[in-house]
Asker: 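For reference, the structure I am asking about is given below.
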Amino acid sequence: MKRSRKVKSILLAAGLSLCLSVPITANAGAYVPGLTDYKAVSGDSLFKISRVFHTTVDHLMKINGLTDTSLNVGQVLKVPGDTYTVIKGDTLYLIAQKYKMPLSSLSRANNIYGDYLDIGQRLAVPGAGSAAVPGTGSTPSYVPAEPAQPAPPISEELDLLSRLIMAEAQGESYQAKVAVGAVVMNRVKSGLFADTVKGVIYQNINGYYQFTPVVNGWINKPANADSIRAAKDALNGSDPTAGALWYYDTSTTNPFMLSKKIALKTGNMVFAY
C-alpha cells in the first residue's frame, strides 16, 4: 500500500513537470492582460496606430511579431489598452466618460463614428490598463497623444449636404453615402434643378419636396463624421454613380423611379439616371 502511494506521488510529480514544460501559446483572439485588439482600416500605418494607443512603432512590432511595417486592411493587431464589453444603455460618450478620455479618442481607437453599439460588442480602450511600454518602467494611465483641438467649423453647404446624407444613407455603405451627395451635386450642375446645394435639397416641384428628410424633419438632425467625410468627397467631385440624378430604396414601387436607367445598386439603395 505504501509502495503504491509512493508510485502515484512520483507519477503525479512527473505529470506536473511535463505540464509546466509545455509552452502555453495564446491564440489570436485570446485575452492578454494590458493588451487589446485593433483592426487596421484603409489609410492606417503603424505610426498612426501607435499615436492612437500611446505607444511606439517598435513596441507594436515586438508584441505582434512583425518584421516590417506593412499592414493589410482588416489585419488584427495587439495594442496597449483595455477591452470593454458593451452593456445595455451604453454609448460611446458614456464609455469615454467612464475612462475619463475624449470621445474622439475612443471613436478613433474603434473606427466607430455613428451612434449605435451592439450589446456584447468589444471595444478597444487606449491607455486604460495598458502594458508598460518598454523603456518607461511604468504602466501609463490615459494621456492624450496631443492636446485636443476643437473641430473646425464647416460651411453651411457642407453641413446641409452632410445632414441629408446622414438622413438618407445611415446604415448604408460609405459608397452609398458619397453617391447620395453626388446626386445632389449632379442636380446642381444639370440645369434641370436649382443651381445650389441648398436650392436642390429644399426644392419643391409641383407641390412636392424632392427629398423625404425635408418633409419628415430628419434633415435637421446632426451628421456624424462618416457623413461629413462623404459630403466632402461629393463636393470635391467624387461620383460613384457617374452622373445619377435620382435614388430610391429597393422596396419602392414608384413606376416613375423604376422606369429610370439604373446607374448603381449598393446595399438597399438604387441610383438612376
Asker: For Y38 and N110, run side chain to side chain donor-acceptor pair (under 3.5 Å): C-alpha distance rounded to whole Å, both residues' side-chain angles, the deciding distance at 0.1 Å, then the answer.
Answerer: CA-CA 7 Å; Y38 174 81; N110 295 278; over 6 Å; no

Asker: Examine distances only and state if a side-chain atom of D90 and a backbone atom of I87 form a donor-acceptor pair shorter than 3.5 Å.
Answerer: yes

Asker: Under 4.5 Å between side-chain heavy atoms, hopping through other hydrophobics if needed: is there a path connecting M257 to L192?
Answerer: yes

Asker: Just wondering, do Y84 and K98 contact through their side chains at under 4.5 Å, heavy atoms?
Answerer: yes

Asker: If Ile, Leu, Val, Met, Phe, Trp and Tyr residues are connected whenever their side-chain heavy atoms lie under 4.5 Å apart, and connections chain through other members, are L161 and Y174 in the same group?
Answerer: no

Asker: Would you say the side chains of T252 and N254 form a donor-acceptor pair under 3.5 Å?
Answerer: no

Asker: Step by step, would you call V79 with L35 a side chain to side chain contact (heavy atoms under 4.5 Å, CB included)?
Answerer: CA-CA 5 Å; V79 293; L35 296 177; over 6 Å; no

Asker: Please report the shortest heavy-atom distance between L60 and K78, naming the atom on each side.
Answerer: CD2-O, 3.9 Å

Asker: Under 6.0 Å from the OH atom of Y273, do we count more than 12 heavy atoms belonging to anything else shown?
Answerer: yes

Asker: Within the side chain of E172, is there an N or O that forms a donor-acceptor pair under 3.5 Å with the backbone of N268?
Answerer: yes

Asker: Identify the residue among L117, T91, L92 that makes a side chain to side chain contact (heavy atoms under 4.5 Å, CB included) with V86.
Answerer: L117

Asker: Give a yes-or-no answer on whether the side chains of S173 and T266 include a donor-acceptor pair shorter than 3.5 Å.
Answerer: yes

Asker: Where do T36 and L123 come nearest, in terms of heavy atoms and distance?
Answerer: OG1-O, 4.4 Å

Asker: Cluster question for you: counting only ILVMFWY and a side-chain heavy-atom cut-off of under 4.5 Å, with indirect links fine, are F256 and V270 together?
Answerer: yes

Asker: Given L164, which partner from the list V183, V184, D159 fulfils the side chain to side chain contact (heavy atoms under 4.5 Å, CB included) test?
Answerer: V184

Asker: Would you say V178 ends up clustered with I262 if hydrophobic residues are merged whenever their side chains have heavy atoms under 4.5 Å apart, either directly or through other cluster members?
Answerer: no

Asker: Would you check if the side chain of N204 reaches a backbone N or O of G207 as a donor-acceptor pair within less than 3.5 Å?
Answerer: yes

Asker: For R163 and N220, run side chain to side chain contact (heavy atoms under 4.5 Å, CB included): C-alpha distance rounded to whole Å, both residues' side-chain angles, the deciding distance at 0.1 Å, then the answer.
Answerer: CA-CA 7 Å; R163 286 189 275 118; N220 300 315; 4.3 Å; yes

Asker: Tell me the closest heavy-atom pair linking L235 and E157, and the distance in Å.
Answerer: CD2-OE1, 3.7 Å

Asker: Minimum heavy-atom separation for V41 to V73, with atom names?
Answerer: C-CG2, 4.2 Å

Asker: Do the rings of F271 and Y247 sit parallel, tilted or perpendicular, given the 30° and 60° boundaries?
Answerer: tilted

Asker: Measuring only between side-chain heavy atoms, which start at C-beta, is L71 closer than 4.5 Å to L77?
Answerer: yes

Asker: Passes salt bridge (charged side-chain N to carboxylate O under 4.0 Å, His left out), K265 versus D249? Steps please.
Answerer: CA-CA 9 Å; K265 282 185 178 180; D249 66 56; over 6 Å; no

Asker: Could you tell me whether a side-chain N or O of Q121 sits under 3.5 Å from a main-chain N or O of D118, the two making a donor and an acceptor?
Answerer: yes

Asker: Does K260 have more than 12 heavy atoms from other residues, nucleotides or ligands lying within 6.0 Å of its NZ?
Answerer: yes

Asker: Side chains of Y202 and Q210 only: does a donor on one sit below 3.5 Å from an acceptor on the other?
Answerer: no

Asker: Any side-chain donor-acceptor pair under 3.5 Å between D58 and T56?
Answerer: no

Asker: Is the cationic atom of R187 (NZ for Lys, CZ for Arg) positioned less than 6.0 Å from the six-membered ring centroid of W246 and within 45 degrees of its normal?
Answerer: yes

Asker: According to a hydrophobic-cluster definition based on side-chain heavy atoms being under 4.5 Å apart (Ile, Leu, Val, Met, Phe, Trp, Tyr only), do I228 and F211 belong together?
Answerer: yes

Asker: After noting the C-alpha distance and the side-chain angles of M166 and K221, does the key distance pass the side chain to side chain contact (heavy atoms under 4.5 Å, CB included) rule?
Answerer: CA-CA 8 Å; M166 179 76 173; K221 295 183 178 181; 5.8 Å; no

Asker: Decide side chain to side chain contact (heavy atoms under 4.5 Å, CB included) for L46 and L66; before the verdict, give the C-alpha distance in whole Å, the side-chain angles of both, and the deciding distance to 0.1 Å.
Answerer: CA-CA 11 Å; L46 285 182; L66 302 177; 4.1 Å; yes

Asker: Counting only N and O atoms by type, is there a donor-acceptor contact under 3.5 Å from the side chain of Q203 to the main-chain atoms of A194?
Answerer: yes

Asker: Determine yes or no for a side-chain-to-main-chain donor-acceptor pair under 3.5 angstrom, with Q75 supplying the side chain and N72 the backbone.
Answerer: yes

Asker: Looking only at non-hydrogen atoms, find the nearest pair between S227 and K177 and report the distance.
Answerer: OG-CE, 4.2 Å

Asker: Would you name the heavy atoms of F53 and P80 that are closest together and state the gap between them?
Answerer: CD2-O, 3.4 Å

